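Proteins get letters first, then strands, A, B, ... in listed order; numbering begins at 1 in each. Owing to the predicted nature of the structure, the values given are computational and were not obtained by experimental measurement.
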Protein chains: 2
Amino acid sequence: MRPALSPLEALEGLDATEKADIDRILETLVYLYSESRRVTKEVARQHGLTGPQVTALKMLEGFGDLSLSDLSARMSATNSTVTGIADRMVRDGLVERVRSERDRRVILIRLTDRGSALAAQIPVESMSVFAAALRSLQARDRRELTRILRVLSDRVADLVAEGGPPEAEARTEAQANAETEAEGKP
Amino acid sequence: MRPALSPLEALEGLDATEKADIDRILETLVYLYSESRRVTKEVARQHGLTGPQVTALKMLEGFGDLSLSDLSARMSATNSTVTGIADRMVRDGLVERVRSERDRRVILIRLTDRGSALAAQIPVESMSVFAAALRSLQARDRRELTRILRVLSDRVADLVAEGGPPEAEARTEAQANAETEAEGKP
DNA sequence: GGCGGATGTTACGCACGCGAAAGTTCCAGA
DNA sequence: TCTGGAACTTTCGCGTGCGTAACATCCGCC
C-alpha cells in the first residue's frame with residue numbers, strides 16, 4: 001500500500017506516511033471536538049444559555065448541590081473560571097450560593113426553581129453530537145476505540161509525569177537535536 | 001463480554017454498558033485534548049508566548065506570509081479572534097501587518113526577524129504530547145484509530161448537516177471542507 | 001462610469017479560562 | 001491555647017473565542 005522508506009527516512013527513523021497519519025488523526029480529533037462544542041453551544045443558545053452553563057445545570061441536576069470545587073472538578077475547569085460562571089448564573093436566577101453548615105469555607109451551588117425547570121427542559125448534555133456518533137458505531141469498533149484511547153491516555157499521563165518540565169518528551173529526535181542549543185528566552 | 005440486556009433495557013433500547021462506554025470515551029477524549037492543550041500552553045509560556053501565538057508563528061514559518069483570513073482558517077478560529085492575536089503579536093514585535101499590493105482589502109501577516117528567530121527556536125507544534133503518544137502506538141492500532149475516527153467524523157458531519165443531534169439544529173457552512181481539506185502540506 | 005453585492009478586516013461587547021494573590025475558615029500539633 | 005499551615009473561594013489581569021456590526025475595497029454588470 002504505502003511506498004518503501006527512502007534511505008533518508010530509514011536513516012532518520014522518520015516515516016512520511018506515519019507523520020501524515022498522525023496529522024490526520026489530530027486534525028480529525030480537533031474537528032470532532034470543536035464541532036461538538038459548537039453544537040452544544042448552539043443548543044444552549046436556543047435556551048438563552050451558554051455551553052458551560054448547560055454543563056453546570058446538568059451537573060447540579062444530576063448530583064444535587066455541589067461545592068464550587070466539586071463543580072469545577074466535574075466541569076474540568078479551574079475554580080476561578082467556575083466562580084465567574086456561577087456569578088452569571090446567580091445573576092440570571094439559575095442557581096444560588098449557600099454557605100455549608102459543616103464547613104464554613106465551602107460554598108454550595110444550588111439550583112433555583114427556575115434553574116431546575118430549565119435543566120429539565122434541556123435534553124442534551126455536553127458533547128451530545130459526539131455521543132450520538134459514538135452510539136452509531138459498531139460495538140466492536142467502540143471497544144477498539146476504548147482500548148486504543150486507554151493506551152493513549154496512559155501514554156500521555158506517563159509523558160506528562162516523567163518530565164517535570166513538559167518539554168523534553170513530546171518531539172522527535174531531529175527536533176531534539178535542533179534544540180540542544182536553543183534554551184532561554186528573550 | 002457484556003451481560004445480556006435486561007428486559008427493561010431491551011424495551012427502552014438502552015444499554016447501561018453502552019452508555020458507560022460512551023461516557024468513558026468522551027471523558028478520555030476530553031482528558032487527552034485538554035491535557036495536550038495544557039502542555040502546549042506550558043511550552044509556549046517558557047518562551048514568553050501563548051498557545052495560539054505559537055500556532056500562528058509555526059503557520060507563518062511554514063507557509064510564509066498569510067492573509068489574516070488564511071491564517072484564521074489554518075488556525076481553526078474566526079477572523080475576529082485572530083485579529084486580536086495578531087494585535088498582541090504586533091505589539092510584541094513578532095509579526096507585522098503588510099497591505100497586499102494585489103488586493104488592498106487584504107492584510108498580510110508577516111514574521112519579523114524576532115518572530116522568525118523565535119519560531120525557529122520553538123520545537124513543538126500544537127498537540128505535541130498527543131502526537132508523541134500517537135507515535136508510540138502500534139501501526140495497526142493507528143490504522144484502526146484512523147478508520148474509526150473517519151467514521152465518527154462522517155457521522156458528525158451528517159448529524160450537523162441534517163439538523164443535528166437529538167434536538168439541535170445547528171447551521172454551518174464552512175465546516176464541510178474540514179474533511180476534504182485534509183490533504184497537502186509544504 | 002457607476003452601482004450593488006461580495007469579500008476582507010477591524011471594532012465592540014460578552015463569556016470563558018487560567019494563574020497568581022488575597023481573604024476566610026479549618027485543623028493539627030507544640 | 002494558640003499558631004502555622006492547609007483547604008476553599010474570590011479577585012484581578014490577561015488572552016482567547018465568538019457573533020454582530022461597521023468600514024473599506026473589489027468586481028460583475030448595466
Query raised in the report: When the distance from CZ of Arg38(A) to P of dC16(C) is rounded to whole Å, what number comes out?
Result: 18 Å

Query raised in the report: Separation of Leu68(B) atom CG from dT16(D) atom P, in whole Å?
Result: 14 Å

Query raised in the report: Quick one: does Arg105(A) reach the base of dA7(D) with a side-chain donor-acceptor pair under 3.5 Å?
Result: yes

Requested in this report: Check Arg97(A), Arg102(A), Arg99(A), Arg110(A) against Asp65(A) for a salt bridge (Lys or Arg N to Asp or Glu O under 4.0 Å) and give me the one that passes.
Outcome: Arg110(A)

Query raised in the report: Considering residues, nucleotides and ligands other than Arg45(A), do more than 12 of their heavy atoms fall under 6.0 Å from its CZ?
Result: no

Query raised in the report: Quick one: Ile109(A) CD1 to dT9(D) P, roughly how many Å, whole number?
Result: 8 Å

Query raised in the report: To the nearest angstrom, how far is Lys41(A) atom NZ from dG17(D) atom P?
Result: 11 Å

**Report entry** Side-chain H-bond candidate by donor/acceptor type, Ser69(B) with Ser72(B), under 3.5 Å
**Finding:** no

Query raised in the report: Are Met89(B) and Val98(B) co-members of a hydrophobic cluster defined by side-chain heavy atoms under 4.5 Å apart?
Result: no

Report summary line: Within residues 111-120 of chain A, those residues having any heavy atom closer than 4.0 Å to DNA chain C are none

**Report entry** Strand contacts (DNA chain D) in residues 77-97 of chain A, 4.0 angstrom heavy-atom criterion
**Finding:** Asn79(A), Ser80(A), Thr83(A), Arg97(A)

Query raised in the report: salt bridge (Lys or Arg N to Asp or Glu O under 4.0 Å) between Glu27(B) and Arg24(B): does it pass, once the steps are laid out?
Result: CA-CA 5 Å; Glu27(B) 191 176 347; Arg24(B) 179 168 193 80; 5.6 Å; no

Query - Interatomic distance where CD belongs to Glu42(B) and P belongs to dG15(D) [whole Å] - result: 17 Å

Query raised in the report: Does a donor on one side chain sit under 3.5 Å from an acceptor on the other, for Thr83(A) and Ser80(A)?
Result: no

Requested in this report: Please figure out whether Asp103(B) or Arg37(A) has its closest DNA chain C nucleotide nearer the 5' end.
Outcome: Asp103(B)

Query raised in the report: Quick one: Glu101(B) CD to dT25(D) P, roughly how many Å, whole number?
Result: 14 Å

Query raised in the report: Whole Å only: how far is the CD1 atom of Ile107(A) from the P atom of dT25(C)?
Result: 10 Å

Query raised in the report: Quick one: do Leu68(A) and Leu108(A) end up in the same hydrophobic cluster if we chain Ile, Leu, Val, Met, Phe, Trp and Tyr together by side-chain heavy atoms under 4.5 Å apart?
Result: no

Query raised in the report: So which one's nearest nucleotide on DNA chain C is more toward 5', Thr50(A) or Arg104(A)?
Result: Thr50(A)

**Report entry** Length of the CG-P vector between Leu71(B) and dT16(D), whole Å
**Finding:** 12 Å

Query raised in the report: So Arg91(B) and Asp87(B), salt bridge (Lys or Arg N to Asp or Glu O under 4.0 Å) or not? Walk me through it.
Result: CA-CA 6 Å; Arg91(B) 180 200 62 193; Asp87(B) 285 346; over 6 Å; no

Report task. For residues Asp92(A) and Arg114(A), report the shortest heavy-atom separation together with the two atoms involved. Result -> O-NE, 3.2 Å

